[in-house]
Every structure is written in structure tokens, then in C-alpha cells.
Protein chains: 2
Amino acid sequence: MMTELEKMACGASDESTCQMTEDMLAKIKENMPSPELLTDLADLYKMFGDSTRLSILSALRQRELCVMHLAEILNMTQSAISHQLRALRANNLVRYRREGKLSYYCLADEHVETIIDMGLEHILEERVY
Amino acid sequence: MMTELEKMACGASDESTCQMTEDMLAKIKENMPSPELLTDLADLYKMFGDSTRLSILSALRQRELCVMHLAEILNMTQSAISHQLRALRANNLVRYRREGKLSYYCLADEHVETIIDMGLEHILEERVY
DNA sequence: TTAACATATGAACAAGTGTTCATGTGTTTG
DNA sequence: CAAACACATGAACACTTGTTCATATGTTAA
């Protein structure tokens, strides 16, 4: 018995149950995004993969806010919020401006909202009522 | 000296440096997505927050594929791929059909591609050449 | 039926992550 | 100036997560 990969190797590709040739596999590999792009993309989505950060973004979506108000809205410590804001800043998802003692944060651009909405759409479609 | 929160509590809200009243904070809290929705959303984005899973989705974007071919394209073990496919299935991001010994996987719907593209857009805009 | 194959899955272990606690930095008030 | 405030950050620790290894399940060929 031949494995699928052996079928391809000996030129019997077209009769394989997979309808898959080595050439096709090679082309798929070629068309894959680069590893660097994939890790960048993964790092970006990691930011959305935590409910605390999503809460922060949801709050900032409504209004520019300072750290202490974010902490109160989310009912979390200022430290926890600051740490997450730092991560969000590093990934260009929020911007901030300093005004006296306060640091005001807001969403960096419209992409942030769009990405969240795409996820919401996907989830809400799953939930059939 | 009064803290910002004390300013709100004693009715001096409108003169606070934050321009923030308790009522405004309360409304922001009201308009926040529910904790359940936020965790569901976070769980969804966690799926995109790993480069292996992104690679799988990128490959499936080109063509329906069986597990062994995915393993070869990504140059990873079959076990690792299967585990990730299981996670993707649990979150309704891929579907599969069994045909004999082989399991064919494909993207579940167009949302998956859209979400990936939104992330790509965000990243590529950051990269100013 | 037995053997080989394709896939799925549980356990274990290393690596990564989010929160807390303590403390540091910068600003404003008294 | 000192004290209080708003925020940032490093270290520690519990928790999560992705891979590997071993093995189980299900299908097909001989």
C-alpha cells in the first residue's frame, strides 16, 4: 500500500484520492504569507484575545478616557490597566496624550473598531435564537 | 487636595479637569458589552493569535486540505496540526468532512478571511516604506 | 483478519501571559 | 519645599497555552 505522499513522489499524483500533486503543494507553500508577517499578525490578534483589553477598547470606543476612569469602569486596579495599556500602545491600538497628572487614552484608528465588529458579527451569527 | 473621583462625588464634577461626571461614567458602563460577550470575543480572537493557526487558515484559504498535507505545508507534526484544527473547529472557524481515511478541512465562512484581512490592513499601514 | 495508514486525543512539560505588590517617575497643590 | 496624586514599571507568581510523545480510533488494502 502506498501513502498519499508516496503516490505523489512516484508520479501517480493525479490518481491519488487527494487530487493533490506536488506542484500544487509547492504553489500553496509559495502563496503562504511570510513567517514574519504571520507572527506580526498573530501578535496583533493576541491583543484582542484578552477580555480585559477588549473591555478597555470597548470603553475607549465610547470616549477618550484617563487611566483611573478606565480602572473604575472595569473595576480593576490601576496597575493592571496600565500594564494592558502599555501592550495596546506597543501594538499601535491606542494613542495617549498627557495633560498634567492625567494620561488620556483613545483608539488609534478606525481599524480597531472594524476588527472588533468583525468578531462580533461572527459570534452573533453563531448564536441562533 | 481632591482626587478626581472625590471631585465627582461632591458634585464638583463639571469643574473637574477631566470633564467627567459620575453620570457619564455610569453611561459608559451601561454601554459596555456584557462580560460573556467579551469572553466569547476574546476566545475567538485567541484563535487568530497564534502563527500556527494563522498558517493553517492561510493555507485553507487557498484550498481545502487534509491534515497530512497541512502538516507538510507547515512543516509540522500531524499531531500539532490536529490539535490546532480541533481548536479551530471548536470555534467554528473551519469545517471538515471525512472521506475514507482522510479528513478534509476548509474555512467555515467568509468572516474568517475578512478578519484576517482587517489585521493585515492594520499591520501594512504601520509599515511605512 | 491482519497490517498499514490517516487522524484524533490524553498526558506531560516548557514557554508565555495577566494580575498583584512594591516602588519609581512626573505633576500639582498647599 | 514637602505631600498628595496619577501613572508607569519591574519582579514574582499563578495560570494558560502550544508542542511532543504515546496511544487510541477508524478506514482501507492485502
Side-chain angles (χ1 to χ4, degrees), chain A residues 1-9 12 15-18 20 38-39 42-43 45-56 64-72 74-91 94-105, chain B residues 1-9 12 15-18 20 38-39 42-43 45-56 64-72 74-91 94-105:
Chain A
M1 183 186 181
M2 284 179 106
T3 70
E4 292 295 327
L5 291 175
E6 282 168 351
K7 285 180 191 171
M8 294 194 313
E15 291 92 39
S16 110
T17 50
C18 264
M20 173 67 73
L38 286 171
T39 57
D43 288 342
Y45 282 120
K46 274 179 194 152
M47 290 300 105
F48 295 92
D50 175 76
S51 61
T52 297
R53 285 189 294 267
L54 281 179
S55 294
I56 292 175
E64 181 186 57
L65 288 164
C66 62
V67 180
M68 54 173 304
H69 284 150
L70 276 170
E72 209 215 323
L74 302 202
N75 198 31
M76 293 184 65
T77 67
Q78 170 265 319
S79 179
I81 303 293
S82 273
H83 277 296
Q84 299 297 6
L85 284 171
R86 178 182 164 81
L88 292 171
R89 237 186 308 146
N91 284 274
V94 299
R95 282 187 316 222
Y96 80 110
R97 60 185 179 87
R98 186 97 190 193
E99 190 168 306
K101 289 183 296 186
L102 308 181
S103 287
Y104 289 97
Y105 282 82
Chain B
M1 183 186 182
M2 283 180 105
T3 70
E4 291 297 325
L5 291 175
E6 282 169 352
K7 285 180 190 171
M8 294 195 312
E15 291 95 38
S16 109
T17 50
C18 265
M20 173 66 73
L38 286 171
T39 57
D43 288 343
Y45 282 119
K46 274 179 194 154
M47 291 299 104
F48 295 91
D50 174 77
S51 60
T52 297
R53 285 190 293 269
L54 281 179
S55 294
I56 291 175
E64 180 186 57
L65 288 165
C66 61
V67 180
M68 54 173 304
H69 285 149
L70 277 170
E72 209 215 322
L74 302 201
N75 197 32
M76 294 184 65
T77 67
Q78 169 266 320
S79 179
I81 302 293
S82 273
H83 277 295
Q84 299 297 6
L85 284 171
R86 178 182 164 82
L88 292 171
R89 237 188 306 146
N91 285 271
V94 299
R95 281 186 317 225
Y96 80 112
R97 63 187 178 84
R98 186 96 190 193
E99 190 169 305
K101 290 182 296 187
L102 308 180
S103 288
Y104 289 97
Y105 283 81

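Convention: sequence-line order gives letters A, B, ...; per-chain numbering from 1.
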**OP:** Using whole Å, report how far CZ of B:F48 lies from P of D:dG18.
**Re:** 14 Å
**OP:** Take atom CZ of B:R98 and atom P of C:dT7, then tell me their distance rounded to the nearest Å.
**Re:** 7 Å
**OP:** Just say parallel, tilted or perpendicular for the rings of A:Y45 and B:F48, cut-offs at 30° and 60°.
**Re:** tilted
Subject >> Residues in side-chain hydrogen bond (donor to acceptor under 3.5 Å, both in side chains) contact with A:T39, at least two apart in sequence or another chain >> reply: none
**OP:** Answer yes or no: does a side-chain N or O of B:Y105 lie under 4.0 Å from OP1 or OP2 of C:dA8?
**Re:** yes
Original post:
So, the side chain of B:R98 versus the backbone of B:G100: is there a donor-acceptor pair under 3.5 Å, distance only?
Top reply: yes
Original post:
Tell me: CD of B:E72 to C1' of C:dA6, nearest whole Å?
Top reply: 15 Å
Are there any protein N/O atoms within less than 3.5 Å of an N/O atom in nucleotides 16-18 of chain C, and if so, which ones and at what distance?
{"from": "C:dG18", "atom 1": "OP1", "to": "A:R53", "atom 2": "NH1", "distance (Å)": "3.0"}
{"from": "C:dG18", "atom 1": "OP1", "to": "A:R53", "atom 2": "NH2", "distance (Å)": "2.6"}
{"from": "C:dG18", "atom 1": "OP2", "to": "A:R53", "atom 2": "NH1", "distance (Å)": "3.3"}

Subject >> Partner set under side chain to side chain contact (heavy atoms under 4.5 Å, CB included) for A:A71, not counting sequence neighbours >> reply: A:I81
Original post:
Between B:D50 (side chain) and B:K46 (backbone), is there a donor-acceptor pair under 3.5 Å?
Top reply: no
Original post:
Rounded to the nearest Å, what distance is computed from the CD1 atom of residue A:I81 to the P atom of nucleotide D:dC7?
Top reply: 11 Å
Are there any protein N/O atoms within less than 3.5 Å of an N/O atom in nucleotides 9-12 of chain C, and if so, which ones and at what distance?
{"from": "C:dT9", "atom 1": "OP2", "to": "B:R86", "atom 2": "NH1", "distance (Å)": "2.9"}
{"from": "C:dT9", "atom 1": "O4", "to": "B:S79", "atom 2": "OG", "distance (Å)": "2.7"}
{"from": "C:dG10", "atom 1": "O6", "to": "B:H83", "atom 2": "NE2", "distance (Å)": "2.8"}

Subject >> Residues in side chain to side chain contact (heavy atoms under 4.5 Å, CB included) contact with B:R89, at least two apart in sequence or another chain >> reply: B:R86, B:V94, B:Y96, B:Y105
**OP:** Give a yes/no answer on whether the side chain of A:T77 brings an N or O atom under 4.0 Å of OP1 or OP2 in C:dT20.
**Re:** yes
Original post:
Tell me, do A:E64 and A:R97 make a side-chain contact under 4.5 Å, heavy atoms counted?
Top reply: yes
**OP:** Could you state the atom-to-atom distance from CG of A:L102 to P of D:dA8 in whole Å?
**Re:** 11 Å
**OP:** Could you list the residues that satisfy side-chain hydrogen bond (donor to acceptor under 3.5 Å, both in side chains) with A:T77, not counting sequence neighbours?
**Re:** none
Original post:
Nearest heavy-atom pair of B:V67 and B:S82: which atoms, and what distance?
Top reply: CG1-OG, 3.8 Å
**OP:** Starting from C1' on D:dA6, measure out to CG on A:L85 and report it in whole angstrom.
**Re:** 13 Å
Subject >> Separation of D:dT27 C1' from B:E99 CD (nearest whole Å) >> reply: 12 Å
Subject >> Protein-nucleotide distance (B:K101, atom NZ; C:dA3, atom C1'), rounded to Å >> reply: 11 Å
